[in-house]
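Atoms considered below: every heavy atom in the structure, side chains included; atoms not considered: hydrogens, waters and symmetry mates.
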Amino acid sequence: MTDMQAKTPLILALPKGRILKALRPVLHHTGFEPAQDCLDESSRRLRFPTSEPGLDVVRVRSFDVATFVAYGGADIGVCGADVLMEFDYPDLYAPLDLGIGGCRIAVARPKGSGDEEPPEGRSRLRVATKYPAIARRHFASRAINAEIVHLHGAMELAPALDMADVIVDLVDTGSTLRANGLEEVETIAHVTSRLIVNRIALKTRPEEVGSLIERFRSAVAQSARKGESI
């Protein structure tokens, strides 16, 4: 390790929102604690020190964690498998399923449209989604040409406003779909959150990065043994 590397802290990228809340028991069992306001969603800070010398945390949008790690802005991070599927960065290694943030990527359409031609029976479909790559691959495997309407939110509105035939979105309980007159018709993939690592960081700082991976692995096991909701 060079002197510069020794003085440069490792950066752990954590996602804002529900995954960060679910991650709290795991973080506790790692033995290091980020600054108190890191877990406070009202904090405007984006980078935080931790109780571990040589480790800082950055808190970013969940969809951006993989990009921060892939491009070297962070050495290690936590993000959903949906993000990994969408971007498929070659510079990322995902050594650990954290078992938190369980949900699914699903296809949904307006209720009552079951008597119409099903999606798999059509050659072309307009799809509203924030997952254009996943949606294209999924429908292409069924010989369907998916015209993508790329949205970052409120996908549920698109079918009712004649913007799309179906949506592809992340689904947990399905309550948002039902509240907006949609029904889930197909599950593309089940999703949990993963620990991800920048491959270059793993090669250049193997002891530090490897130690952090093992601490997360141990923390997941401890949380599971204690029956904590992670």
Side-chain angles (χ1 to χ4, degrees), residues 10-52 55-70 73-87 92-106 130-131 134 152-153 155 168-179 184 187-198 209 212-230:
L10 286 177
I11 304 296
L12 168 64
L14 297 181
K16 299 178 180 179
R18 69 183 187 90
I19 294 178
L20 183 58
K21 293 178 182 178
L23 191 61
R24 289 183 182 189
V26 175
L27 288 176
H28 174 72
H29 289 302
T30 60
F32 66 83
E33 296 284 345
Q36 188 172 2
D37 59 333
C38 177
L39 302 179
D40 180 359
E41 293 287 345
S42 65
S43 173
R44 297 300 182 95
R45 280 209 296 172
L46 298 176
R47 182 168 178 168
F48 308 84
T50 74
S51 60
E52 184 79 8
L55 178 66
D56 284 358
V57 166
V58 294
R59 191 183 65 193
V60 300
R61 289 174 64 249
S62 60
F63 226 63
D64 291 335
V65 170
T67 302
F68 270 79
V69 178
D75 304 288
I76 192 166
V78 173
C79 74
D82 57 316
V83 179
L84 299 180
M85 291 171 61
E86 177 63 23
F87 292 105
L92 294 182
Y93 168 53
L96 181 61
D97 186 340
L98 298 172
I100 63 173
C103 50
R104 58 199 179 276
I105 303 173
K130 67 175 180 179
Y131 299 106
I134 292 173
H152 295 283
M155 264 71 68
V168 170
D169 200 9
L170 207 59
V171 178
D172 184 5
T173 64
S175 58
T176 302
L177 294 179
R178 292 189 293 272
E184 186 177 344
T187 297
I188 296 177
H190 290 280
V191 171
T192 52
S193 294
R194 312 297 172 92
L195 189 71
I196 61 172
V197 179
N198 178 283
V209 174
L212 200 53
I213 292 171
E214 290 309 310
R215 289 171 70 170
F216 269 95
R217 196 184 306 278
S218 176
V220 170
Q222 287 185 55
S223 294
R225 284 197 299 269
K226 293 186 177 182
E228 295 172 340
S229 176
I230 65 171

Polar side-chain atom of Asp97 near backbone of Arg194 as donor-acceptor pair, under 3.5 Å: no
Crowding at CZ, Phe68 (>12 non-hydrogen neighbours, <6.0 Å): no
Distance-only donor-acceptor check, side chains Arg178 and Thr176, under 3.5 Å: no
Under 3.5 Å donor-acceptor, Thr50 side chain and Leu55 backbone: yes
Interatomic spacing from OH in Tyr131 to CZ in Phe87 - rounded to 0.5 Å: 9.5 Å
Under-4.0 Å salt bridge between Lys130 and Glu86: no
Val58 and Leu46, any side-chain heavy atoms less than 4.5 Å apart: no
Sidechain-backbone polar pair: Asp75 side chain, Ile11 backbone, donor-acceptor under 3.5 Å: yes
Electrostatic pair Glu52-Arg215, nearest N-O below 4.0 angstrom: yes
Which atom of Asp56 lies closest to which atom of Pro49, heavy atoms considered: OD1-CA, 3.7 Å
Arg24 side-chain N/O to Leu39 backbone N/O, donor-acceptor pair under 3.5 Å: yes
Under 3.5 Å: donor-acceptor pair, side chain of Arg45, backbone of Arg59: no
